[in-house]
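Hydrogens, waters and symmetry mates play no part in the numbers below; they use all other heavy atoms, side chains included. Throughout, protein chains are lettered first and strands after them, A, B, ... in sequence-line order, and every chain is numbered starting at 1.
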Amino acid sequence: MNRRSSKDIEFIILRDGTGFVQCVVDKSEAGEDIYQKSRKLSQESAVEFKGKVVKDERQIGGVEVHVTDLNLIHKSENYPITNKPHGIDFLLDHRHLWLRHRRPWAIMQIRNTIIYAIHNFFQKEGFVQADAPIFTPNAVEGTTTLFETDFYDRKAYLTQSGQLYGEAMAMAFSKIYTFGPTFRAEKSKTRRHLSEFWMIEPEMAFYDNEMNMDLIERFIKSVVREVLEKNQFELSLLERDTTILENTIKKPFPRITYDDAVKIIRGEKDVNGKTTIGLLEELKINTEKRIETLKNEIAEREKLLADNKMKESKRNFIQNKVDSMKHELKELQEKLKNIPLWIDSAKNFEYGEDFGGADETALTSLFDVPIMVYNWPKKVKAFYMKEVPGRPDLVKGVDVLAPEGYGEIVGGSEREDNLDILIERIKEHNLPMEVFQWYLDLRRFGSVPHSGFGLGLERFVAWITNTKHIRETIPFPRYYGRLEP
RNA sequence: UCCCCAGUAGCUCAGUUGGUUAGAGCACCGGACUGUUAAUCCGGGUGUCGCAGGUUCAAGUCCUGCCUGGGGAGCCA
């Protein structure tokens, strides 16, 4: 709970886990005793109210409670998280308490809807949920760093992907999906990485990459539709502009080959008359303009501050305003410095490379729905992806890039189903052949075309809720430098 | 592992070319106000300036090293 007061009246925001309601303790209604008790309530005290529910359009949920009785269950003292701004690190140190607050509450409600909608979609489509093991004897793709553990005196690693096991299960049950934790020991310090995150990995027998992309698109639309139906209130708490989410369920996702994507990134090809370079140059001009106005506003206020007859409280107020404007100015100047680098990186993008974060942002900013980029250079993708017929340099992989700078939320492919080619690919990647023997069995005994993809739950939640840092999308995040609480 | 930035009160931050006794807002306590939404107004005090060393008459401020955090690259969902 949280409290505000005026003379003879107290406003208390009460939370019960399902939502929030304002409770009003009016001295004339509740009586002197109850009113005095309510004045002693502190932030996050546990309390029980009796009272009348009254319609009030001004309030969240449209109602408030006029309190007639009050029972203090537990008085909270010196609650650390105040109603004022805190830094992300302080909040994460108090994550066990921070979860009680509105923003985390709204994000977790949406996360819950997403999890439910994912199961709902696959169950209705006839998929079997079948989870992959978490302890694994080897690195699946050989590139990422894994967490090493002791498994009865043997080295074991925490899984970085359940995909190979998913393929085995798809050969057994036709269409399956895994839904479990995944671990990466990379010392990544960016807003889109976690050491421990949840991944959904469907795998379908007799699916080529076209069918795979059809499924991905229907899947994303279905989950987003469910969030829009169930979580309007939470989205409004988060001040999420839902235009792009609504587009996502209505419009088809553009499907772009890697070859075309490269041309678009370089600014050689336009999308509805706009190019990446043009957009970035526009952004540069707008940022410059904003910096100019900020500078002028700061100068104006500093002139005001030079008048030392000014009342102290007023002076402090203006000083604070100036400080926060200087803060914004610093951020914008930082951004302005980076824009030419982004333009440079886009213009000189080298064919055959994977997209960097800035390239992805440049590309996706031209669209108002998620896009699918397919047919990737073989050398930047995993060994198990199937070659594109007639293009031995390309594989049938697909990445879904979310709009608004969220980057890759889905990665998938058609899998190589030919034993000999797969063995060649394992050799090319210098992977230990012996640990893949069971996987190669899948190509020895009734190998069929099959495809699948992986969706990172937290990145998906981050995009839907428009959360800047992925670590706010999981109750207790684990990443380089954070193991507590 | 590499590059950039930061570390000042419980929290968020200011602190100018090195110069007297280091500041503000919030939180907290008291008071004022019948309707607040981060309420507002008045009063009340709080510091190992991340750590270690150096330069200097003088260091929060400059230099070196280390630690911690943030952003990014790599890697990826």
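Legend: salt bridge (Lys or Arg N to Asp or Glu O under 4.0 Å) pairs involving residues 98-108 of chain A, not counting sequence neighbours, sorted by first then second residue: A:Glu44-A:Arg100, A:Arg103-A:Glu472.
Nucleotides B:G43 and B:C33 are separated by 16 Å at their C1' atoms, to the nearest Å. For the C1' atoms, the distance from B:G45 to B:U37 is 30 Å, rounded to whole Å. Nucleotides B:U64 and B:G18, compared at atom P, are 16 Å apart to the nearest Å. Using C1' as the reference atom, B:G30 and B:C13 are 27 Å apart when rounded to the nearest Å. Using P as the reference atom, B:C63 and B:U16 are 14 Å apart when rounded to the nearest Å. B:C11 and B:G47: their P atoms are spaced 14 Å apart (whole Å). Atom P of B:A32 sits at a distance of 48 Å from the matching atom of B:C62, rounded to the whole Å. Comparing the same atom, C1', in B:U46 and in B:U12 gives a spacing of 16 Å after rounding to whole Å.
For B:U1, the paired base is B:A73 (Watson-Crick or G-U wobble, both distances below 3.5 Å). Across all strands shown, B:U12 is found opposite B:A24 as a Watson-Crick or G-U wobble partner, with both distances under 3.5 Å. For B:G18, there is no paired nucleotide, since no Watson-Crick or G-U wobble pair has both relevant distances below 3.5 Å.
If you measure from atom CD1 of A:Ile88 to atom C1' of B:U68, you get 17 Å, rounded to the nearest angstrom. In this structure, CZ of A:Phe20 is placed 14 Å from C1' of B:A38, rounded to the nearest angstrom. Distance, A:Leu91 CG to B:G70 C1': 14 Å, rounded to whole Å. A straight line from CD of A:Glu186 to C1' of B:G74 spans 8 Å, rounded to a whole angstrom. Rounded to an integer number of Å, the gap from CD of A:Glu239 to C1' of B:U37 is 13 Å. Note: OH (A:Tyr480) to P (B:G71) measures 14 Å, nearest angstrom. At whole-Å resolution of the value, CD1 in A:Ile9 and P in B:A32 are 16 Å apart. The distance between atom CZ of A:Arg482 and atom C1' of B:U68, rounded to the nearest whole Å, is 12 Å.
A:Arg471 comes within 4.0 angstrom of sugar-phosphate atoms only, judged by non-hydrogen atoms across all strands, and of no base. If you check every strand for non-hydrogen atoms under 4.0 Å, A:Leu457 touches nothing. Using a 4.0 Å heavy-atom criterion, one finds that A:Tyr479 contacts the sugar-phosphate atoms exclusively. Contact annotation for A:Glu458: no contact, since no heavy-atom pair falls under 4.0 Å across all strands. In this structure, A:Glu64 reaches the bases: a heavy-atom distance under 4.0 Å links it to at least one base atom across the strands shown. Base engagement by A:Ile470 is indicated by at least one non-hydrogen atom pair under 4.0 Å involving a base atom. Residue A:His66 is in base contact, counting any heavy-atom pair closer than 4.0 Å across all strands shown. Using a 4.0 Å heavy-atom distance criterion, A:Gly407 is classed as making no nucleic acid contact.
Between A:His469 and B:G71 there is a side-chain N or O to OP1 or OP2 distance below 4.0 Å. Put simply, A:Arg184 has no side-chain N or O that comes within less than 4.0 Å of OP1 or OP2 on B:G74. Contact annotation: A:Arg192 reaches the phosphate of B:A73 (side-chain N/O to OP1 or OP2, under 4.0 Å).
Between the side chain of A:Glu10 and the base of B:U36 there is no donor-acceptor pair of N/O atoms closer than 3.5 Å.
When each of A:Pro80 and A:Lys187 is assigned the nucleotide of RNA chain B with its nearest heavy atom, A:Lys187 is the one assigned upstream, toward the 5' end.
Classification of the A:Phe460-A:Phe219 ring pair by plane angle, with boundaries at 30° and 60°, yields parallel. Taking the six-membered ring where tryptophan is involved, the planes of A:Tyr439 and A:Phe383 are perpendicular, since the angle between them exceeds 60° and thus also 30°. Using cut-offs of 30° and 60° on the angle between ring planes, the pair A:His96 and A:His94 is parallel.
Using a 5.5 Å limit on the distance between ring centres and a 30° limit on the angle between planes, the aromatic ring of A:Phe197 counts as stacked on the six-membered base ring of B:A77.
Salt bridge present: A:Asp214 and A:Arg255 bring a charged side-chain N and a carboxylate O closer than 4.0 Å. One finds a salt bridge joining A:Arg482 and A:Asp89 here, because a Lys/Arg side-chain nitrogen approaches an Asp/Glu carboxylate oxygen to under 4.0 Å. Classification of A:Glu458 and A:Arg111 as a salt-bridged pair holds, one side-chain N sitting under 4.0 Å from a carboxylate O.
With a 6.0 Å radius and a threshold of 12 heavy atoms from other residues, nucleotides or ligands, A:Asp33 has its CG atom at or below the threshold.
When distances run from any side-chain atom of A:Arg191 to the nucleotides B:C76, B:G70, B:G72, the shortest one goes to B:G72. Here the nucleotide nearest the side chain of A:Asp89, chosen from B:A73, B:G69, B:A77, is B:G69. Closest approach to the A:Val24 side chain among B:G35, B:A77, B:U12 is made by B:G35 (side chain taken as heavy atoms from C-beta onward).
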